[in-house]
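This report refers to the structure that appears directly beneath it.
Each chain gets a letter, A, B and so on, in the order the sequences are listed, and its residues count up from 1. None of the values given here were measured: they were computed from a predicted structure.
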Amino acid sequence: MKGRMISPGKAKGKAIVSTEPIGFYGGIDINTGIVIEKGHPLEGKSVKDKILVFPCGKGSTVGSYVIYGIKKNNVAPAAIVNKETETIVATGVILAGIPCIDQIDIDKIKDGDELEIDADDGNVKIL
Amino acid sequence: MHLTKKEEKILDGESGEVMARLFRLLVRLGDIYGADKMIPVGSVQVAGVSYKSIGDPGTAFLEDMASKGAKVKVLTYLNPAGMDLENWEELGFPKDFAKNQLRIMKAFKDMGIVVTSTCTPYLAGNLPRFREHIAWSESSAVSFSNSVIGSRTNREGGPSALAAAICGVTANYGLHLWENRQPSIKIEVSSDLKSNSDFGALGYFVGKQVKNKIPYFTGIKDANTDQLKALGAAMAASGAVALYHVEGLTPEADLVESKGLEKISVSQKEIKETYKKLNSGKDPDIVIFGCPHASLREISYLADKLDGKKLKKPVWICTSRMVKEAAERMGYNEIITKAGGSIVADTCMVVSPIEQMGYKTTGVNSGKAANYLPGFCKQEVCFANIDDLVEGQL
């Protein structure tokens, strides 16, 4: 699948898919990378080293710092794939250097799929 | 995107390494979102201030910027910090937390940022005008300035707002452009909204439904700025709503195209269900008002209710330093303190470490706070209007 590069880089890993938007601030623990939002479909799961797939961001604009923080704390996802990346996630991934692509039909990606990401070309491959 | 010769030189590092790095972030965002050029901003509001929110990585990032001599070019305010910056010891904020929080404040001050920490800059001396381009980041402040004032800002991430402050510009895309300020969904409200918490419940419900769309409300007969602040804050928290219009009330509502939109109806039933959903606890250990930061009108209302009374549990009302100053002058602070409550400035329940302070169940009248407290502060929540919450503690 071909999308738009938000932040460059390449990555390979298991997809962790959320059908719901993610708010990083208050949604993901900055020290552990575990989803802490009550009632979120990914609650209790870690995003560390996975390819995190979700439709779009939501909630607090402090989310950019949380993305930067989870990267510095080595619990960040290996890459992010969105339907639509809004500015909060975009700022975070650019600052943190996490590969990120949007404009992808994420309904085609299933939780646990092995993905190969080439953000420079906007490519998402299901292996 | 078109860059001027001067801007090209900034990218080449002529204005220093920090400017080049931050300008690159703005250009990157502009390229992604199809901006044609950079535009000057009238003011900035920077989020990502609490040590609890940004942690050690964020603190190091800010200290690095400050140590390299970064200075802001326009009036720049800050989001709430993780504690009352003056009264923290008395209110029981942990010492090691305070130490880190004060490091963050120093870094901001060194960059020339006004260290007034508030999510309501428009009530504390940073008031943009209609159609002014600004770069604000706290989600409820973004919603208020876009919707109620009619100034123009995207939802800036903390670092991109800081970049706009230091560069004095932002990329011209998204909500800076009139065509992107058109509503994409109509919300027909038939419920009679009374208290500020009713507006919070409406906002929470609508934000969940519409995510990042631009809602156009009909059926809201009247609302003061406190109620619009509560509505916008809740929608920005449960969804990513950065702009809304209210027929007859907000400045752009008559100017946008509101015909032929998909519709959602909200009746008393949805509001009631939202109250039920947001109530995960019973019997709060602490009641906190002021999310977003309380106006003087809200503080005076609380003071009236508490005059001569005694509270069973702590009650806080969070606000900006400026509004607290006025509340002190009016004697509201004394009344609230005598009753056993506190006016807490510079911070709020969401960004302060209340879970480390032994509180497990928090009473709030804010849809936004009710959205964040369970995840971020591990709190059970009692969501109700201010009258019920206060009367429960007398």
Listed once per pair and sorted, the ring-ring contact (aromatic ring centres under 6.0 Å, His included) pairs that draw on residues 41-62 of chain A, sequence neighbours left out: A:Phe24-A:Phe54
Listed once per pair and sorted, the ring-ring contact (aromatic ring centres under 6.0 Å, His included) pairs that draw on residues 100-127 of chain A, sequence neighbours left out: none
Residue, of B:Ile54, B:Val351, B:Val142, that accumulates the most heavy atom pairs under 4.5 Å with chain A: B:Ile54
Greatest number of heavy atom pairs closer than 4.5 Å to chain A - which of B:Gly58, B:Gly239, B:Pro57, B:Gly375: B:Pro57
Between chain A and chain B, are any donor-acceptor pairs under 3.5 Å, and how far apart is each one to 0.1 Å?
| unit_1 | atom_1 | unit_2 | atom_2 | d |
| --- | --- | --- | --- | --- |
| A:Arg4 | NH1 | B:Ile32 | O | 2.7 |
| A:Tyr25 | OH | B:Ser53 | OG | 3.3 |
| A:Gly59 | N | B:Gly239 | O | 3.1 |
| A:Gly59 | O | B:Arg155 | NH1 | 3.3 |
| A:Gly59 | O | B:Arg155 | NH2 | 2.4 |
| A:Ser60 | N | B:Tyr372 | OH | 2.8 |
| A:Thr61 | O | B:Gly158 | N | 3.3 |
| A:Thr61 | OG1 | B:Ser137 | O | 2.3 |
| A:Thr85 | O | B:Tyr33 | OH | 2.5 |
| A:Glu86 | O | B:Tyr33 | OH | 3.3 |
| A:Thr87 | OG1 | B:Arg155 | O | 2.5 |

Side chain, backbone, both or neither of A:Ile94 within contact of chain B (heavy atoms, under 4.5 Å): side chain
Proximal component of A:Ile30, with respect to chain B [non-hydrogen, under 4.5 Å]: side chain
Minimum heavy-atom distance B:Ala47-A:Val62, with the two atoms named: CB-CG2, 3.9 Å
Are any of the side-chain heavy atoms of [X] and [Y] separated by less than 4.5 Å?
{"X": "A:Lys110", "Y": "A:Val17", "answer": "no"}
{"X": "B:Val364", "Y": "B:Cys291", "answer": "no"}
{"X": "B:Cys377", "Y": "B:Met349", "answer": "no"}

Gap between atom CG of B:Leu278 and atom CG of B:Leu373 - 0.5 Å precision: 10.5 Å
Interatomic spacing from CG in B:Leu29 to CD1 in A:Ile6 - rounded to 0.5 Å: 9.0 Å
Side chain / backbone / both / neither for B:Leu22 at chain A, heavy atoms under 4.5 Å: neither
Residue B:Val49 versus chain A: region with a heavy atom under 4.5 Å: neither
Neighbourhood of chain B inside residues 111-119 of chain A, taking heavy atoms under 4.5 Å as contact: none
